[in-house]
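Working notes, beginning with the structure itself.
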Amino acid sequence: MTSNPPVDYFIVGLGNFQPEYETTRHNVGFICVNYITNLIAMEKNKNQSGEQKLPIFFRRMDLNADIHDIMYQATDKKLLRLVFIKPLTGMNNSGLSVQKVLSYYGFTDISKQLIVIFDDLNSLPGTLTIQNSLGAVKGHKGIDSIEKTLKNNTFYHYRIGIGRPPSSSNITIPDYVLGEFTKEKQEMDLIGYSLSLTAKAFDEFSKNPDNLKAIKKKYCSLKKIPKNLNKMESLIFPVDVHGY
């Protein structure tokens with residue numbers, strides 16, 4: 001199937017959909033998709049009176065995904081169709097969902113249309129890394145599933161740093177990534193900063209994808225982390241989910 005108008009970008013947030021994982025480190029992809037779609041909704045709602053409308057995701061069990069399909073005014077002259085995807089397969093089988101959604105909507109070039117947002121153990125909290133090169137990530141089971149299913153690893157990776165447990169602790173990697181973000185050592189504040197970086201980077205990328213090098217220089221530098229971070233009381237950004 002080829003949708004009309006065609007989809008410009010598929011934005012996948014990786015995570016586990018069960019409520020108990022909502023604010024865990026491994027779910028930062030879901031958190032970021034909710035954050036970005038809330039920003040877009042607020043921009044659309046800013047000149048409207050009455051109750052503010054939340055982003056609407058449709059639970060498509062046939063696609064194994066929650067889908068937010070919108071038109072996005074990137075610039076005065078550039079209207080884009082964006083499909084935000086939160087797989088319902090569980091992290092380790094994310095590729096099944098992504099493949100179904102891509103096949104349903106139709107695509108022309110995965111390397112230019114697919115963006116996947118996910119947690120990165122090898123980067124510090126508060127950082128963002130953007131890559132689209134072969135072999136950019138190894139060992140992340142959600143990414144491994146997508147690459148194996150699509151037989152392609154040239155799509156855009158937006159990696160949000162979550163760091164690793166202290167070497168002095170007895171916390172295992174599985175327990176760490178499935179643990180919730182906390183306020184200790186400003187962890188939630190740093191993640192909030194990463195979410196902001198990711199949203200801004202995507203906005204600029206959507207305006208001019210050929211400017212990726214400059215975007216990475218602007219948003220993917222550890223030196224850019226400010227001393228006075230915005231305080232994050234929560235990492236829950238509400239959305240409406242229809243169809244379940």
Side-chain angles (χ1 to χ4, degrees), residues 6-15 26 28-33 35-37 39-40 65 68 72 74-75 78 80-87 91-103 105-162 191 193-224:
V7 176
D8 293 285
Y9 295 109
F10 297 91
I11 304 98
V12 181
L14 294 187
H26 217 23
V28 77
F30 272 26
I31 293 170
C32 191
V33 161
Y35 176 81
I36 292 173
T37 55
L39 289 180
I40 293 172
H68 183 59
Y72 176 62
T75 68
K78 192 173 186 180
L80 302 174
R81 186 176 182 184
L82 308 179
V83 172
F84 290 88
I85 305 162
K86 293 189 291 185
M91 176 68 81
N92 296 356
N93 294 305
S94 299
L96 173 64
S97 171
V98 174
Q99 183 183 53
K100 285 185 176 183
V101 175
L102 291 176
S103 297
Y105 283 96
F107 63 91
T108 55
D109 189 341
I110 287 176
S111 67
K112 294 181 179 179
Q113 291 177 274
L114 180 60
I115 296 169
V116 183
I117 305 171
F118 60 99
D119 56 295
D120 182 13
L121 277 165
N122 297 315
S123 300
L124 294 172
T127 63
L128 169 68
T129 304
I130 302 174
Q131 290 178 291
N132 65 329
S133 58
L134 294 170
V137 176
K138 295 294 182 185
H140 190 287
K141 292 184 178 179
I143 290 294
D144 289 345
S145 173
I146 294 172
E147 292 182 351
K148 182 178 179 180
T149 306
L150 299 183
K151 297 180 174 60
N152 188 307
N153 62 357
T154 62
F155 50 87
Y156 293 102
H157 302 78
Y158 279 47
R159 298 160 45 193
I160 296 178
I162 61 167
I191 295 303
Y193 180 65
S194 293
L195 298 178
S196 177
L197 288 180
T198 307
K200 291 174 182 176
F202 171 71
D203 180 61
E204 291 196 22
F205 176 80
S206 71
K207 291 178 170 64
N208 184 7
D210 294 329
N211 201 34
L212 182 60
K213 185 176 181 180
I215 292 169
K216 290 167 67 173
K217 184 177 180 180
K218 184 175 181 180
Y219 295 108
C220 300
S221 172
L222 183 62
K223 297 177 182 178
K224 300 288 184 181

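These numbers were taken from a predicted model, which means no experiment stands behind them.
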**Report entry** For the student: nearest non-hydrogen atoms of Ile191 and Pro125, plus distance
**Finding:** CD1-CB, 4.3 Å

Report task. Could you tell me whether Lys200 atom NZ has more than 12 heavy atoms of other residues or ligands within 6.0 Å of it? Result -> no

**Report entry** CG-NE2 distance between Leu114 and His157, expressed to the nearest 0.5 angstrom
**Finding:** 8.5 Å

Report task. Heavy atoms only: give me the nearest Lys78-Ser206 pair and the separation to one decimal. Result -> NZ-O, 2.9 Å

Report task. Working to the nearest 0.5 Å, report the span between CZ of Phe118 and CD1 of Ile160. Result -> 9.5 Å

Query raised in the report: Mind checking whether His68 and Phe84 have parallel, tilted or perpendicular rings, split at 30° and 60°?
Result: tilted

Report task. Please lay out, stage by stage, how Val12 and Val101 fare under the test side chain to side chain contact (heavy atoms under 4.5 Å, CB included). Result -> CA-CA 10 Å; Val12 181; Val101 175; over 6 Å; no

**Report entry** Lys112 and Pro209, any side-chain heavy atoms less than 4.5 Å apart
**Finding:** no

Requested in this report: Would you check if the side chain of Ser145 reaches a backbone N or O of Lys141 as a donor-acceptor pair within less than 3.5 Å?
Outcome: no

Report task. For Gln113 and Val7, work out which heavy atoms get closest and say how close. Result -> NE2-O, 2.9 Å

Query raised in the report: Counting only N and O atoms by type, is there a donor-acceptor contact under 3.5 Å from the side chain of Ser103 to the main-chain atoms of Lys100?
Result: no

Query raised in the report: Roughly how far, to the nearest 0.5 Å, is the CG atom of Leu124 from the OG atom of Ser194?
Result: 10.0 Å

Query - Under 3.5 Å: donor-acceptor pair, side chain of Asp8, backbone of Arg81 - result: yes

Report task. Kindly indicate whether the side chain of Phe155, heavy atoms from C-beta on, has any atom under 4.5 Å from the side chain of Ile143. Result -> yes

Query raised in the report: Can you check whether Pro87 reaches Phe30 side chain to side chain, under 4.5 Å on heavy atoms?
Result: yes

Requested in this report: Could you check whether the rings of Tyr156 and Phe205 sit parallel, tilted or perpendicular, using 30° and 60° as the cut-offs?
Outcome: perpendicular

Query raised in the report: Can you find a pair of side-chain heavy atoms, one from Val116 and one from Val98, that are under 4.5 Å apart?
Result: no

Requested in this report: Could you tell me whether the side chain of Lys148 and the main chain of Gly95 form a donor-acceptor pair under 3.5 Å?
Outcome: no

Query - CG-OG1 distance between Asn208 and Thr75, expressed to the nearest 0.5 angstrom - result: 10.0 Å

Report task. Side-chain contact test, heavy atoms from C-beta onward, threshold under 4.5 Å: evaluate it for Phe202 versus Leu82 and give yes or no. Result -> yes

Query raised in the report: Just checking, any donor-acceptor pair under 3.5 angstrom between side chains of His140 and Asp119?
Result: yes

Query - Minimum heavy-atom distance Ile130-Lys216, with the two atoms named - result: O-CE, 3.2 Å

Query - Sequence neighbours excluded - salt bridge (Lys or Arg N to Asp or Glu O under 4.0 Å) pairs with any residue from residues 202-211 - result: Asp203-Lys207, Glu204-Lys218

Query raised in the report: Is any side-chain heavy atom of Ser196 closer than 4.5 Å to a side-chain heavy atom of Tyr35?
Result: yes

Query raised in the report: Taking atom OG of Ser94 and atom CG of Leu14, what is their separation to the nearest 0.5 Å?
Result: 4.5 Å

Query raised in the report: What distance do Asn93 atom CG and Thr149 atom OG1 have between them, rounded to the nearest 0.5 Å?
Result: 8.0 Å

